[in-house]
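Every chain is numbered from 1 and lettered A, B, ... according to where its sequence line falls, protein lines coming before strand lines.
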Number of protein chains: 2
Amino acid sequence: MSRARQTVTLTADLVILTIRDGVLSVLLVERENEPFQGRLALPGGFLRGDESLERTAARELAEETGLDAGALRLRQVGVYSAPDRDPRRPRVVTCAYLAIAPDLPVPVAGSDARAARWVPVAEAATAGLAFDHDLILADAVELARTLLQFSTIATAFCGPEFTIGDLREVYEAVWGVGLDKPNFHRKVTDADGFVVPTGGKRPSPSGRPAALYRAGGATELVPPMTRPRLGT
Amino acid sequence: MSRARQTVTLTADLVILTIRDGVLSVLLVERENEPFQGRLALPGGFLRGDESLERTAARELAEETGLDAGALRLRQVGVYSAPDRDPRRPRVVTCAYLAIAPDLPVPVAGSDARAARWVPVAEAATAGLAFDHDLILADAVELARTLLQFSTIATAFCGPEFTIGDLREVYEAVWGVGLDKPNFHRKVTDADGFVVPTGGKRPSPSGRPAALYRAGGATELVPPMTRPRLGT
DNA sequence: CAAATAGTGTCTTTAAGACACTATGAT
DNA sequence: ATCATAGTGTCTTAAAGACACTATTTG
């Protein structure tokens, strides 16, 4: 019974999100070759010899951003296996991974010299990415939005030290909403193991300096952050 | 740059859950061949010619249970790509899908004549499944538990008509907890588009007959069903 | 002082959960 | 009548959200 036991090529694609100037942005590379030459695409690469897909994704992440995949957590977004998703040839199946990064100084030029840059997600979605990367990006952003509700992952968007205001801006950028400052402050500082004060303060150009925090030990966020409902 | 562009074999595995006699159960097949001959495994099969993985999963579902995949919704659980997960040969990568089914009369003998049967999830987890199917099953069950909180998918465990008590038993079986009957009743009937009364009643051997409902139009469940927290 | 941003107090509304109570059937 | 299961009322507590208010800085 070896009927149609087909072999395929596997890739791992990365959706690396960060916040730049208060705008949710994604790391994209410009394609050098056909198909989709000159179009923007998610960074990614082929599965190699003895790797799992997670390892492929971690390796690509290091190559594209210089970030240690051990520090950052990769989460599976999903598998994309439509037979014609790669026009070159059938049967290139990809698994997408989500990574959340602090605001990096600049995307490290990939070791493979591709021009990588941060693009606001809203812009990327309208511009039209290569392959089915529009769909992948949309799924990944939706996953990130959900993770913000139930996990403490928002701190991954921040540096090692941050203010509650910084954290609030993360939620506002990813969710695309405005949040009540006083209630947000209370909720975050009350949640167990979400943030812990470092004792330091960050002066502001004009106004009271904000206390600094670092990420706490918890991964799950209880009670969850409630995302404002639109339709209601 | 064709370095190590490896080809792999892809399969889709199915975690088909149902509730039998109040116990969360999974459809398993007994393996006829090595490796893991005689052991229980998740049903699944190889990706064919022009299929997407979703289609492979849907086809397997039809073969194993006779259920129309159009009626049932398949959800991706995840990709499992550890290099040595199939001892026969490296690079068999699988994508697992979750399907939720009403209590079927009996597993339709698969068209490929494998002995398929329902096994309580607790039993399957301890028995030790073939390959990494223990892990896949655990992930799928965790996904199902989460879906019960935020979606109206619990009705998929029931037939076309069901009582609120039936629905409560679904939650209790999947979550492994007891729920307050009066509060559950109110919450379910108040939630918009979760269940709609059919007007019928189901007599009970001893006691007041229960009103019958069918699944409503909503897919998202707001407010969500709150899953009792353990540690607190 | 005013302006600006950080953070606290407190009230209202909503939902969760406990549980007493009523309703409707079989025997 | 009793027993059993279905379903409602109501009270308590916890959390969401609005928003007035206080605190701490710069100019």
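Rounded to a whole Å, the CZ atom of A:Arg227 is 18 Å from the C1' atom of D:dG17. The distance between atom NZ of B:Lys201 and atom C1' of D:dA6, rounded to the nearest whole Å, is 9 Å. One atom, CG of B:Asn183, and another, P of D:dT13, lie 16 Å apart when rounded to the nearest Å. Rounded to whole Å, the distance from CD on B:Gln149 to C1' on C:dA16 is 14 Å. Atom CZ of A:Arg186 and atom C1' of C:dT10 are 9 Å apart (whole Å). Here the C1' atom of nucleotide D:dA6 and the CG atom of B:Leu212 are 12 Å apart, to the nearest Å.
Taking the side chain as every heavy atom from C-beta outward, A:Leu212 and A:Thr163 approach each other to under 4.5 Å. Using a 4.5 Å heavy-atom cutoff, the side chains of A:Phe194 and A:Thr155 are in contact.
Within 4.0 Å (heavy atoms only), A:Pro224 reaches sugar-phosphate atoms of the nucleic acid but no base atom. Across all strands, A:Pro203 comes closer than 4.0 Å to no nucleic acid atom at all (heavy-atom distances). Using a 4.0 Å heavy-atom cutoff across all strands shown, B:Pro209 reaches sugar-phosphate atoms only and no base atom.
Not a single donor-acceptor contact under 3.5 angstrom links the side-chain atoms of A:Asp180 to the base of D:dA16.
Between the CZ atom in A:Phe162 and the OG1 atom in A:Thr198 there is a gap of 9.5 Å [rounded to 0.5 Å].
Projected onto DNA chain C by closest heavy-atom contact, A:Pro182 and A:Gly207 fall at different nucleotides, the more 5' of which corresponds to A:Gly207.
Classified by interplanar angle (parallel below 30°, tilted 30° to 60°, perpendicular above 60°), the ring pair A:Tyr171/A:Trp175 is perpendicular.
Looking at the side chain of A:Arg208, the nearest of the listed nucleotides D:dG7, C:dT5, D:dA20 is C:dT5. In the set C:dA16, D:dA6, D:dA18, D:dA6 carries the atom at the smallest distance from any side-chain atom of B:Ala210.
Within the structure, a side-chain polar atom (N or O) of A:His185 is placed less than 4.0 Å from OP1 or OP2 of C:dT8. OP1 or OP2 of D:dA15 has not a single side-chain nitrogen or oxygen of A:Thr226 nearer than 4.0 Å. At the phosphate of D:dA16, OP1 or OP2 sits under 4.0 Å from a side-chain N or O atom of A:Lys187.
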> Can you list the steps and then say if B:Asp13 with B:Tyr80 is a side-chain hydrogen bond (donor to acceptor under 3.5 Å, both in side chains)?
Replying inline: CA-CA 10 Å; B:Asp13 285 325; B:Tyr80 298 82; over 6 Å; no
